[in-house]
Structure formats: structure tokens, C-alpha cells
Amino acid sequence: MPKPRSQEVVGGLERAGQRGLLHALGLTDEEISKPFIGIINTWSEINPGHVHLRRLATSVKLGVVSAGGTPFEINTIGLCDGIAQGHAGMRAILPSRDLIADSIELATLANGFDALVLLASCDKIVPAVLMAAARVDIPAIVVTGGPMMPGRYKGRDLAVYEAREALGQHLKGEISLHELQQIEASVCPGPGSCSMMGTANSMSAVTEALGMSLPGCATAHAVSSKKEALARQSGVEITRLLKEDVRPSAIMSPEALRNAIAVAMAMGCSTNVVLHVLALARELGQELKLEEFDTISRHTPFICDIKPSGTRSILALEEAGGVPAVMHELQQLLELDCLTVNGKAIGDNVLSAENLDKQVIRPLGDPLRPEGGIAVLRGSLSPDGCVVKQSGVSEGMMVHQGPARVFDGEKATMHAIRGGQISSGDVVVIRYEGPRGGPGMPEMLMPTATLVGLGLGGSVSLVTDGRFSGATRGACVGHVSPEAINGGPIALVDEGDTIEIDIPQRRIDLLVPSEELARRRERWEPPQRRIRGYLKLYAENVGPSHEGCLLGHWDP
């Protein structure tokens with residue numbers, strides 16, 4: 001074990017003042033002499049995915065103390081994507097990822113933590129703690145907070161996105177206002193991340209597949225005793241990782257990242273995974289291109305029948321064996337020598353796992369679809385690439401050509417959808433919602449969910465330089481790059497232009513002559529938007545989506 005970093009803070013006669021401040025906390029000399037373990041909590045009273053993390057932090061601290069460390073719990077923000085949907089607050093969500101990572105970096109540096117246990121549940125918070133762990137590169141383990149139990153209404157399981165789709169059903173006259181309100185009251189029965197393969201559970205699965213959380217952690221539910229035990233065991237394991245000086249850079253190898261991408265493709269994970277893994281690779285100093293996701297997806301079947309691309313809740317996945325069972329089915333596609341936080345290789349963890357329900361987790365030879373969940377498209381509308389969750393696209397929409405319905409922002413789009421102005425066959429274009437143009441690259445879940453509820457999910461495509469929620473399903477193409485505010489081709493689309501999407505061929509094209517596009521470009525001017533504060537700083541420094549929306553202050 002190397003000399004503890006904390007001794008730079010409290011060791012020697014010249015550190016009497018620092019020790020005095022720690023004595024003010026009630027610490028003894030013995031506790032001050034032990035390794036300092038930072039318990040980075042993202043607890044919040046307004047986020048259901050994080051409201052229970054204080055309880056889990058207590059379990060972590062019990063584990064740390066029992067194994068000979070001194071835990072210090074500190075907090076940072078943890079925003080809820082679901083609460084931020086459909087209004088200006090969504091512009092804060094992706095930028096919060098980098099702010100959280102920065103705050104953890106600074107807290108680790110200032111306090112001299114020797115190791116970290118990072119508690120997180122939701123969409124941008126899980127990638128943020130992984131990015132922070134990579135950046136500070138001291139022994140670290142992640143405890144993901146776990147999914148909530150599925151909602152129940154009229155005998156069927158529900159997830160939160162179904163309340164938004166119910167709005168479309170109500171607008172169409174298929175359900176009453178009372179039924180809409182009953183669904184709304186039923187979808188989220190308690191703490192945890194939403195019971196679907198949205199970004200929160202997608203990134204929890206990625207974390208476990210990377211080897212950065214204990215086996216079974218991703219799908220152990222928030223209210224379960226199993227989650228409590230995993231939290232306590234994580235507190236024990238972090239002291240071992242410290243003694244052996246096992247750092248995140250040794251665990252999150254290039255091979256581990258490819259494993260995690262394969263698992264994400266097999267499970268039908270959120271397209272947001274692409275942004276986050278690209279950013280994580282950069283923090284690790286690794287070269288990872290957008291094309292790698294498509295290459296892995298082409299060779300990884302989609303095998304998990306989990307909402308929103310499938311029919312079942314995350315509870316069904318947990319009962320089938322969770323991420324270890326998925327990786328057991330994928331073992332011939334994985335690098336099995338990768339190290340994990342429990343001290344074992346991935347192979348040791350997954351070879352002993354068992355798939356307990358082959359309808360939930362399909363065998364590799366009997367997949368739901370032969371390719372993985374995400375496809376990367378390129379073409380004249382998106383030269384730098386864009387992404388689609390092909391596992392959520394119906395067979396009839398895998399190839400689609402239609403007239404563009406063009407909207408500068410989500411608000412105008414929702415007005416048109418609710419006003420009955422979108423028809424079967426249309427290609428809805430929502431632009432100026434990218435990382436710079438949004439700013440913050442907001443999710444377009446409200447338009448997509450409403451279209452599904454209106455019965456248009458199987459006949460209308462949606463294309464945007466913004467993002468989509470993991471709850472999105474349908475022919476929805478996001479992360480279009482270059483984005484509109486940077487003068488990408490999406491900025492030049494006119495109402496009625498023909499757009500062709502061909503997912504099997506990985507193409508997305510604007511069928512307008514190049515001469516006409518050149519004339520439009522001469523006339524084009526970016527819209528003027530007045531922004532200030534952190535979002536202004538973000539817009540001035542954020543990179544393109546096809547590189548993970550990295551901030552410019554990152555120094556390779």
C-alpha cells in the first residue's frame with residue numbers, strides 16, 4: 001500500500017492545525033491516522049432516484065469502519081431528468097454531468113481522500129462519478145442506487161414514460177382524464193431509478209459491466225436488503241482496493257469499455273450511453289470513436305426484453321439474474337480477463353452466473369434482433385454522425401422517406417403535435433437543441449412520447465441535434481452532428497424537403513441538390529439567444545456530440 005495521501009493533510013507536526021479541525025468533528029487520533037475514504041453522495045430530497053442514498057451511505061460507512069478506514073461523507077448535486085423534461089430545466093441536465101465530475105475532483109484534491117466510494121443513481125450522475133473516478137485515478141468503487149419497483153395499473157407493470165404516452169392517448173380520446181390521472185399516480189411507486197432501460201439503469205449496467213461496481217449492483221432494487229448488503233460490502237472492498245493500490249485506470253481498460261458497450265447493445269440501452277462512454281474514454285486518455293459503437297452493435301445481438309424497447313420491467317431483469325446473467329450469455333463476445341472491483345476477473349464473475357429466465361434474457365442464438373440496440377448513421381444530413389436506438393424502431397420504420405416538418409426548438413414542436421399538425425409519413429425535424437444550440441442538448445422525450453400516444457410512433461420519424469431519453473421509442477434519430485447552431489446541414493432543412501432514413505444501411509440524407517443547399521447557406525444566420533451563467537460558460541466550451549460533449553477545459 002502506498003503512503004496515504006491523507007497523511008499529506010494530517011501527518012507531521014506542521015499539520016497540527018489540520019488535526020485540530022478534525023478533532024472538532026469528534027475524531028480521535030486513531031481515526032485521523034487511518035485512511036480517509038471519501039463517501040461521495042448525490043442524495044437529494046427532490047430526486048426519487050437519489051432520495052434513499054443517505055441510507056445506503058450509512059451502510060457504506062459501516063463497511064469502511066469495519067475494514068479499518070475512516071469515512072467522510074460529502075454531497076454534490078444530483079438532478080432528475082424526468083422532473084426537468086419539457087421545460088427550460090432540461091438544459092441543465094447534461095451540463096450537470098461535468099459540474100458533478102468537477103466538484104468531486106476538487107473535493108478529492110482539497111481533502112486528501114485516499115479512496116472514494118461514489119453513490120449515484122440517475123442519468124447524468126452515474127457517468128459523472130465514473131468520469132471523476134477516472135480523472136482523479138485513486139482507488140474507487142461505485143454504488144448505484146438501484147431501480148424503483150415497477151408501477152402497477154389494471155394488472156400491468158408501468159414505467160414513467162407510459163404516463164407521458166398516456167397524454168397522447170388522452171388527446172386522441174382513447175382514455176379519459178381520470179384514467180390519465182390514475183396512470184400518473186401509479187407509475188412511480190417509490191424510491192429508485194425509473195423501472196425501465198432508461199439512461200439511469202443503462203449507465204448502472206455499464207458501470208457493472210466495466211467492473212466498477214460489485215456484481216449484481218446494477219439491478220438490485222433500491223428498496224431491497226440486497227442493495228443494503230452490496231453497499232456495506234462496497235465499503236469493505238474499497239479498503240482492499242486501497243491496500244492493493246488498484247485504481248480506476250487499471251479496471252476501466254479499453255477492453256473493459258468494449259465489454260460495457262457490448263452489454264449496452266445487448267440490453268437495448270439508452271442512446272445517452274454513447275455520449276457518456278465517449279466522455280469517459282477521454283477522461284481515461286483512451287482513443288474511442290463513434291464508429292466503435294456501431295461496429296460492436298453489428299456483432300452483438302439484442303437479447304433483453306426490457307422496456308421501453310421490450311415489454312418487461314427492470315424487476316424482471318433482476319429476477320432473471322441481472323447484468324451477470326446477460327454477460328454470461330454474451331461471454332463469447334467479451335474480454336473475460338478484465339479486472340473488477342471485487343478483485344476477480346470479469347470471467348470469474350460471469351461464468352458462474354446463471355440466466356434464470358430465457359424469455360427475459362434471450363440466449364445468444366435466439367435473440368430478439370440480430371444486431372444490438374444502437375446504430376450510428378451518417379449522410380448528407382449528418383456528416384459527423386448521429387445515433388438511433390434501433391431496438392425501439394418497428395420493422396416498418398427501419399427505412400423511411402418523408403417530408404420534413406421543421407421546428408426551431410421543442411416548444412414549437414409540441415404546439416404542432418398537440419394541435420394535430422403532424423401526419424403519418426412526416427419526418428419531424430427539431431433543431432437548435434444541440435449541446436451549444438440548446439444550450440445543454442435537452443432531451444426530446446415529450447414530443448416522442450406524445451407521438452407514440454397519438455398512434456403516430458409507427459409512422460412518423462423524428463430527427464434532432466438534441467438528445468432522447470432512454471424512455472424514447474420509435475424512429476427517433478438524435479445527436480445530429482454538426483448541430484444547427486454550428487451551421488450543420490440540419491440548419492438548412494426547409495419545410496417539405498425530403499429526408500431519407502435507412503437504418504440497415506446506416507444512412508440519413510437530405511434529398512436536396514447541393515447547389516440549392518449552397519444558396520441556403522449563403523442566406524443562413526444563426527439565431528441570437530441571450531444566455532448567461534453556467535449555461536453560457538457551457539455553450540462556449542462544450543464540444544460536439546459525436547465526441548461526447550466534452551468541455552474545452554479538458555487537457556489531454
Side-chain angles (χ1 to χ4, degrees), residues 37-43 48-71 73 115-122 125-126 129 133 139-150 189-193 195 200-201 203-244 246 251 313-328 339-344 346 348-356:
I37 311 298
I39 314 298
I40 310 298
N41 203 345
T42 51
W43 166 85
H50 288 233
V51 72
H52 62 300
L53 294 187
R54 267 185 171 173
R55 174 171 53 82
L56 292 184
T58 298
S59 295
V60 171
K61 287 185 282 187
L62 288 172
V64 169
V65 171
S66 72
T70 298
E73 182 183 353
L116 301 174
V117 181
L118 304 131
L119 289 91
S121 290
C122 288
I125 304 98
V126 175
V129 302
I141 189 168
V142 179
V143 179
T144 50
M148 68 172 61
M149 297 297 288
S193 49
S195 186
N201 290 315
M203 286 307 302
S204 294
V206 163
T207 301
E208 187 176 330
L210 281 169
M212 284 298 293
S213 63
L214 292 177
C217 190
T219 59
H221 277 49
V223 296
S224 69
S225 59
K226 178 181 176 181
K227 180 62 73 177
E228 295 276 0
L230 285 165
R232 188 167 58 254
Q233 185 61 31
S234 295
V236 173
E237 293 291 346
I238 193 61
T239 60
R240 179 190 55 78
L241 291 168
L242 178 59
K243 289 174 184 175
E244 297 175 5
V246 178
I251 294 173
S313 69
I314 298 291
L315 181 61
L317 178 61
E318 163 69 358
E319 292 171 343
V323 173
V326 175
M327 297 183 78
H328 180 83
L339 185 63
T340 73
V341 290
N342 72 346
K344 299 179 180 179
I346 277 286
D348 295 328
N349 290 331
V350 306
L351 292 178
S352 59
E354 184 181 359
N355 182 359
L356 300 174

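A quick note: this is a predicted structure, and the numbers were derived from the prediction, not measured. We number each residue from 1, following the sequence as shown.
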**Prompt:** With a 4.5 Å heavy-atom cut-off, do Leu242 and Ile37 have their side chains touching?
**Reply:** yes
Tabulate below the donor-acceptor pairs under 3.5 Å that side-chain atoms of residues 141-149 make, not counting sequence neighbours, or state none.
none

**Message:** Using every non-hydrogen atom in the two residues, find where His328 and Val350 come nearest and quote the distance to one decimal.
**Reply:** ND1-O, 3.0 Å
**Prompt:** Is any side-chain heavy atom of Pro139 less than 4.5 Å from a side-chain heavy atom of Lys243?
**Reply:** no
**Prompt:** Where do Val64 and Thr70 land on the side chain to side chain contact (heavy atoms under 4.5 Å, CB included) test, with the steps shown first?
**Reply:** CA-CA 7 Å; Val64 169; Thr70 298; over 6 Å; no
**Asked** Roughly how far apart are Met327 CE and Leu351 CG, rounded to 0.5 Å?
**Response** 10.0 Å
**Request:** Over all heavy atoms of both residues, which pair between His50 and Cys122 is shortest? Give the atoms and the distance, please.
**Result:** NE2-N, 3.0 Å
**Item:** Shortest non-hydrogen contact from Ile346 toward Ala209
**Value:** CD1-O, 3.7 Å
**Prompt:** So, Gln233 side chain and Gly63 main chain: donor-acceptor pair closer than 3.5 Å or not?
**Reply:** no
**Prompt:** Can you find a heavy atom in the side chain of Ser121 that is under 4.5 Å from one in the side chain of Leu53?
**Reply:** yes
**Request:** Evaluate the side-chain proximity of Glu73 to Thr58: yes if any heavy-atom separation is below 4.5 Å, no if none is.
**Result:** no
**Request:** First locate atom CG of Leu241, then atom CD1 of Ile251, and finally report the distance between them rounded to the nearest 0.5 Å.
**Result:** 6.0 Å
**Asked** Are the side chains of Leu56 and Glu228 in touch, meaning some heavy atoms are under 4.5 Å apart?
**Response** yes
**Message:** How long is the straight-line distance from OG of Ser234 back to NZ of Lys227, given to the nearest 0.5 Å?
**Reply:** 8.5 Å
**Item:** Close side-chain approach of Val126 and Val206, heavy atoms under 4.5 Å
**Value:** no
**Atom of Ala120, atom of Thr42 and distance for their closest heavy-atom approach** = CA-OG1, 3.5 Å
**Request:** To the nearest 0.5 angstrom, please state how far the OG atom of Ser193 sits from the CG atom of Asn201.
**Result:** 3.5 Å
**Residues that Arg240 engages under salt bridge (charged side-chain N to carboxylate O under 4.0 Å, His left out), provided they are two or more places apart** = Glu237, Glu244
**Prompt:** Who pairs with Asn349 by side-chain hydrogen bond (donor to acceptor under 3.5 Å, both in side chains), at least two apart in sequence or on another chain?
**Reply:** Thr340, Asn342
**Request:** Over all heavy atoms of both residues, which pair between Glu318 and Ala220 is shortest? Give the atoms and the distance, please.
**Result:** OE1-N, 3.7 Å
**Ile39 vs Leu119, side chain to side chain contact (heavy atoms under 4.5 Å, CB included): CA-CA, chis, key distance, verdict** = CA-CA 8 Å; Ile39 314 298; Leu119 289 91; 3.6 Å; yes
**Message:** Against Leu116, only a single residue in Ile40, Ile238, Val129 fulfils side chain to side chain contact (heavy atoms under 4.5 Å, CB included); can you say which?
**Reply:** Ile40
**Closest heavy-atom pair and its distance - Gly322, Thr219** = CA-OG1, 3.5 Å
**Request:** Kindly say whether Leu339 contributes a backbone atom to a donor-acceptor pair with the side chain of Lys344 at under 3.5 angstrom?
**Result:** no
**Request:** Measure the spacing between OG of Ser195 and NE2 of His221 and express it to the nearest 0.5 Å.
**Result:** 5.0 Å
